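Working notes for the structure below.
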Amino acid sequence: MLVRAGAAVTTSLPGLRRLWRGGGSGAAACFPLGRALLALRGAEAAIFLQGLLTNDVTRLVAGDAVAAAALPRALYAHALNVQGRCLYDLILYRLHESPEEEPHILLECDSGVLDAIQKHLKLYKIRRKVNITPCLDLSLWAVVPGERAGDIASSLAKRADQALILTPDPRTEVMGWRLITNKGANLSEIIPGSHIGNIQDYHRHRYKQGIPEGVKDLPPGVALPLESNLAYMNGISFTKGCYIGQELTARTHHMGVIRKRLLPVHFSAPLPEDSIPEGAEIFTESGKSAGKFRAGGGELGIALLRLANINEPLCLNIAGDKVKLTASIPEWWPKTTSK
């Protein structure tokens, strides 16, 4: 069944067109993502996820028939452990068309933790009326408008009925759109003029914008949600009921002090491939620890840094050599925040 993206597809992308520098002559670059999809279907699917995830999943089913068009098509969220640390970064997609239909939700996750997240969900499922199955017949794409794109938002909205899901990325507009199709679907029919992009360009774009995705950027049991900018990426509700890991997260939020955050970093020289250990220490010029490197490619990366040090000269030790790096505040971050 084909599903329209509905009201969720209305957005403006001037910031994305300004920030994307991926090249290509098409109206959009489509990047094949190696992330996995799980289907959760059943009367209690949303309520079940509500107790496990940071965001308010009931928004996918709440309301009456009049408000059906206003239901979000996608939500970003994390699953946390009992200590309040990130286990899995997820994007949820609504497949049901109205609150009257049986809830049908797709869950996007890092393919490397597909088995682990299935076990995690089944551990808490108990007698909930929800079926959990992997979707091996679907393909997931990131769609990023090119430099010469016109009104790409309007163009994509008109073609939403040719895809299972075609919706703006719920994290931030600078990440473009998420597209889910059946395997083997013709992308040129769904998005005329588009081209298939190099996945490394997608990751470079993510790193440039400081967007974490997957277990390398968000090590399970290590990363903290607010330090990982979950609130900035629309991935958490501070008004919903209890969920696993809420206590530490809520306390940190209400204290209002976040001393470290994930930030994009730019290196003075391209990084050697696979030669930087996970969590490698980043130092200030005086030798003081400023944070830890998470992941990167070429001269771009993402790192967890102390905000007090981000304007200082920083360096990373690689095989005895010091590689200089600079950190920056992404343009898409809230302008009024300094913490």
Side-chain angles (χ1 to χ4, degrees), residues 38 40 44-62 72 74-92 103 105 107-110 113 115-128 130 132 170-172 210-263 278-279 289 291-292 294 302-308 333-334 336-339:
L38 279 174
L40 284 82
E44 297 181 296
I47 297 300
F48 168 59
L49 292 173
Q50 181 76 345
L52 298 177
L53 305 183
T54 55
N55 215 333
D56 186 358
V57 185
T58 62
R59 292 173 56 206
L60 297 177
V61 296
L75 287 178
Y76 181 57
H78 284 188
L80 310 180
N81 62 17
V82 293
Q83 289 80 30
R85 295 183 180 270
C86 302
L87 289 177
Y88 316 111
D89 63 304
L90 311 167
I91 297 181
L92 284 66
I105 298 169
L107 189 154
E108 171 195 327
C109 66
D110 188 309
V113 297
D115 290 340
I117 197 169
Q118 287 185 85
K119 291 178 182 177
H120 180 75
L121 293 174
K122 290 175 181 177
L123 176 66
Y124 292 98
K125 179 174 177 273
I126 313 177
R127 293 189 178 92
R128 292 283 192 185
V130 54
I132 304 168
R171 296 171 294 185
T172 166
I211 303 290
E213 188 174 283
V215 295
K216 286 188 176 180
D217 299 348
L218 299 164
V222 175
L224 288 166
L226 298 186
E227 289 184 351
S228 304
N229 305 319
L230 188 62
Y232 291 177
M233 294 187 289
N234 308 306
I236 189 167
S237 168
F238 295 109
T239 58
K240 64 176 282 186
C242 296
Y243 58 89
I244 295 173
Q246 179 196 29
E247 185 176 354
L248 175 63
T249 307
R251 185 165 66 246
T252 303
H253 170 68
H254 291 300
M255 286 176 61
V257 179
I258 300 172
R259 294 185 172 87
K260 294 182 288 184
R261 285 192 181 273
L262 278 182
L263 289 162
E278 292 184 13
S289 175
K292 293 184 177 182
R294 284 283 175 79
I302 191 169
L304 181 69
L305 297 172
R306 291 181 176 84
L307 296 178
W333 275 22
T336 56
T337 185
S338 59
K339 62 185 180 183

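Keep in mind that this is a model prediction, so the values were computed, not measured.
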Considering all heavy atoms, the nearest Leu40-Ala45 contact: O-CB, 4.2 Å

Arg85 to Val222 - nearest heavy-atom pair and separation: NH1-O, 2.6 Å

Where Leu80 and Cys86 come nearest, the two heavy atoms and their spacing: CD2-CA, 3.8 Å

Verdict with reasoning, Leu304 to Leu262, per side-chain contact (heavy atoms from CB on, under 4.5 Å): CA-CA 4 Å; Leu304 181 69; Leu262 278 182; 4.0 Å; yes

Gap between atom CG of Leu92 and atom SG of Cys109 - 0.5 Å precision: 10.5 Å

CA sep, side-chain torsions, deciding dist, call: Gln50, Asp56, side-chain contact (heavy atoms from CB on, under 4.5 Å): CA-CA 6 Å; Gln50 181 76 345; Asp56 186 358; 3.0 Å; yes

Lys125 NZ: over 12 foreign heavy atoms closer than 6.0 Å: yes

Side-chain (Arg261) to main-chain (Leu226) donor-acceptor, under 3.5 angstrom: yes

Closest approach of Asn55 to Lys240 (non-hydrogen atoms, all atoms of both residues): O-NZ, 2.7 Å

Flag side-chain contact, heavy atom, 4.5 Å: Leu230 against Thr249: no

Heavy-atom side-chain proximity of Tyr88 to Asp110 below 4.5 angstrom: no

Residue pair Asp89 / Tyr76, side-chain heavy-atom distance below 4.5 Å: yes

Non-hydrogen atoms of Gln246 and Cys242 that approach each other most closely: OE1-CA, 3.3 Å

Beyond-backbone contact of Leu49 with Leu107, side-chain heavy atoms, under 4.5 angstrom: yes

Pairwise side-chain contact, Pro170 with Ile91, heavy-atom cut-off 4.5 Å (strictly under): yes

Plane angle bin for Phe238 and His253 - parallel if under 30°, tilted between 30 and 60°, otherwise perpendicular: parallel

Side chain proximity check, Ser228 to Met233, heavy atoms < 4.5 angstrom: no

Pair Leu87-His78, side-chain contact (heavy atoms from CB on, under 4.5 Å): steps then yes or no: CA-CA 7 Å; Leu87 289 177; His78 284 188; over 6 Å; no

Gap between atom CG of Leu218 and atom CD of Glu213 - 0.5 Å precision: 9.5 Å

Worked check of side-chain contact (heavy atoms from CB on, under 4.5 Å) between Leu224 and Leu248: CA-CA 9 Å; Leu224 288 166; Leu248 175 63; 4.0 Å; yes

Side-chain touch Thr252/Glu227, heavy atoms, less than 4.5 angstrom: no

Smallest separation among heavy atoms of Ala77 and Leu53, with atom names: CB-CB, 4.1 Å

Donor-acceptor contact below 3.5 Å, side chain Arg306 vs main chain Ser289: yes

Validation row: Pro220, Val215 side chains within 4.5 angstrom (heavy atoms): yes

